[in-house]
Amino acid sequence: MATFVYKAINADGRQVADAVVAPDRASAIEMICGQSLSPVSIERQEEHPTGGLLTRVGRVSKGEVEAFTRQLANLLAAGVPLSRALSILSREAARPTAGKLWATVHDQVAGGMSLADSLSLHPRAFSPVYVAMVRAGETGGFLDVVLEQIATFRSRELDLKNKVMSALLYPTILAVLAGGIIVFLLTFFIPRFSQMFAEFGGSLPALTKAIVTASRLLVRYWFVLVLVIALGVFGIRRALSSEEGRRLLERITLQLPLFGRVISRFALVRFSRMLGTLVGAGVPLVAALRVAKEAIGNQVLADTVSGAIDDVQRGTGLARSLEGCSVLFPSSVIEMISVAEESSRLDKELVRLAASYEQELDRYLKMAVTLIEPALLFVMAALVGTVVIGMLLPIFSLQQLIR
């Protein structure tokens, strides 16, 4: 049996929306018609892990979700009722897929479901952090403010992610280029030299023998290397699918000399901006901490905040509660949060702190890329140079071999 959500016209010419349980679509249509209704649309739904119903709709881009959030915030701030605002957005959607999703949300809200509960049924478009912020806004009566803050937060976070990806793009290209050159030399260039050396006879230098051996192994057993790489990728993906595997990988990355600091600073920016946004919107501190914890994006770092949330619930100040999270919160950040608590400017200071560390992260990425680029060029030149020198060494004694 499956659940089908439908829209239909009743005998009075009014549109109604409801759901029926039937074994298939044809049976659902028969049941709807048996109620003296004329079906307009009908969609199959599946159970969501949290117990609700998850509508099968196409993917909606992050840009469309951000535009939807900002437009909904503007409509609500102008006094438009939520149901009517959702109806307007569904009609004015740029793509049919987005319009279908907004219409589904509208129907669920019009049927009595809260906006947060409706959004939680579409996890591909609305993350748990997004839903938690909407729920906090609905509970506190400032949904329009929270939606505007969500749109701003997502826009800044996307900009920061783009900066990180842009900074890592060129080093990645260099690494791939270096690997491609080495593979080309070992599989195409060196075998031709080794044949020439074999024709002249004589003993080869140790470096040349090692390079020739590596070339032969790669040419003969390349499929083994491909299999090992495939198994490695599969094993990593399998490990990441489990909670323990993800935590282990996160611990390893946090220990890396370059990436560890980038990850921790990125998490600090997300946590500070989210917490400052929620506190500024009037969300209670404990509830805001729980939502901001989910925004960190790293479970190992998020675990360090869990104890702080418990301390705040027991009445401890926020700065003192976060002192034990030294990996995520440097001592200078703790001092700034402490001063902000005393001056009742916690929300503004957290947002300012996020902006400040975002600039620091940007400078750090630029400096890291400045150092990585020549380092990768040096490594690439060293590897290629070693192979070339190893193949040229026998040529110096080629005249003796000919004689």
Side-chain angles (χ1 to χ4, degrees), residues 128-129 132-133 136 146 149-150 152-154 156-157 159-161 163-164 246-247 249-368:
V129 176
M133 291 187 70
V146 169
Q149 297 284 9
I150 291 174
T152 303
F153 177 84
R154 289 171 67 95
R156 290 179 177 175
E157 185 178 75
D159 290 341
L160 184 57
K161 285 183 177 180
K163 289 179 182 178
V164 174
R246 285 195 298 270
R247 290 175 184 271
L249 181 62
E250 289 174 353
R251 291 192 189 96
I252 293 174
T253 53
L254 285 173
Q255 298 299 323
L256 296 177
L258 178 62
F259 294 100
R261 183 174 178 181
V262 172
I263 293 172
S264 61
R265 288 295 182 266
F266 187 57
L268 174 60
V269 169
R270 298 184 69 183
F271 177 85
S272 300
R273 177 166 287 128
M274 177 67 75
L275 184 59
T277 297
L278 291 173
V279 172
V283 179
L285 181 58
V286 174
L289 280 169
R290 290 198 179 101
V291 178
K293 169 191 169 185
E294 300 300 324
I296 289 177
N298 185 292
Q299 193 57 49
V300 174
L301 295 176
D303 290 341
T304 64
V305 182
S306 300
I309 297 176
D310 296 335
D311 292 340
V312 171
Q313 283 183 304
R314 288 192 291 265
T316 308
L318 178 61
R320 185 176 177 184
S321 301
L322 296 176
E323 285 180 347
C325 316
S326 57
V327 177
L328 184 57
F329 302 102
S331 57
S332 58
V333 173
I334 299 298
E335 290 296 328
M336 285 186 280
I337 293 177
S338 177
V339 173
E341 281 187 294
E342 295 174 0
S343 59
S344 300
R345 292 174 49 85
L346 182 60
D347 56 334
K348 295 182 178 59
E349 183 61 26
L350 286 170
V351 173
R352 188 200 65 79
L353 188 66
S356 175
Y357 271 90
E358 183 176 343
Q359 294 176 357
E360 178 187 326
L361 180 60
D362 189 26
R363 290 193 298 269
Y364 182 78
L365 286 172
K366 291 179 180 178
M367 181 190 69

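Numbering of residues begins at 1 and proceeds along the displayed sequence.
- The salt bridge (charged side-chain N to carboxylate O under 4.0 Å, His left out) analysis of residues 334-343, with sequence neighbours excluded, yields no pairs.
- Taken from CD1 in I337 to OG in S332, the straight-line distance is 9.5 Å, to the nearest 0.5 Å.
- Partners of S356 by side chain to side chain contact (heavy atoms under 4.5 Å, CB included), not counting sequence neighbours, listed by chain and number: R352.
- Taken from CG in L254 to CD1 in I263, the straight-line distance is 5.5 Å, to the nearest 0.5 Å.
- Put simply, CE on M336 and CD1 on I334 are 9.5 Å apart, with the number rounded to the nearest 0.5 Å.
- Judged as a salt bridge (charged side-chain N to carboxylate O under 4.0 Å, His left out), the pairs with a partner in residues 311-326 (not counting sequence neighbours) are, in order, D311-R314.
- For P330 against L268, the heavy-atom pair with the smallest separation is CD-CD2, 4.3 Å.
- Residue pairs meeting the ring pair (Phe, Tyr, Trp, His ring centres under 6.0 Å) criterion with at least one member in residues 285-320, sequence neighbours excluded, do not occur.
- The shortest non-hydrogen separation linking V269 to A354 is O-CB, 3.7 Å.
- Nearest heavy atoms, L328 versus S264: CD1-O, 3.6 Å.
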- Task: Test L275 against L318 for side chain to side chain contact (heavy atoms under 4.5 Å, CB included), laying out the working first.
- Result: CA-CA 11 Å; L275 184 59; L318 178 61; 4.1 Å; yes
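- To the nearest 0.5 Å, atom NZ of residue K348 and atom OG of residue S343 are 10.0 Å apart.
- Pairs engaging residues 316-352 under the ring pair (Phe, Tyr, Trp, His ring centres under 6.0 Å) rule: F271-F329 [sequence neighbours left out].
- Listed by chain and number, the residues in a side-chain hydrogen bond (donor to acceptor under 3.5 Å, both in side chains) with R261 are E360 (sequence neighbours excluded).
- When atom types are taken as modelled, the side chain of T316 and the backbone of V312 share no donor-acceptor pair closer than 3.5 angstrom.
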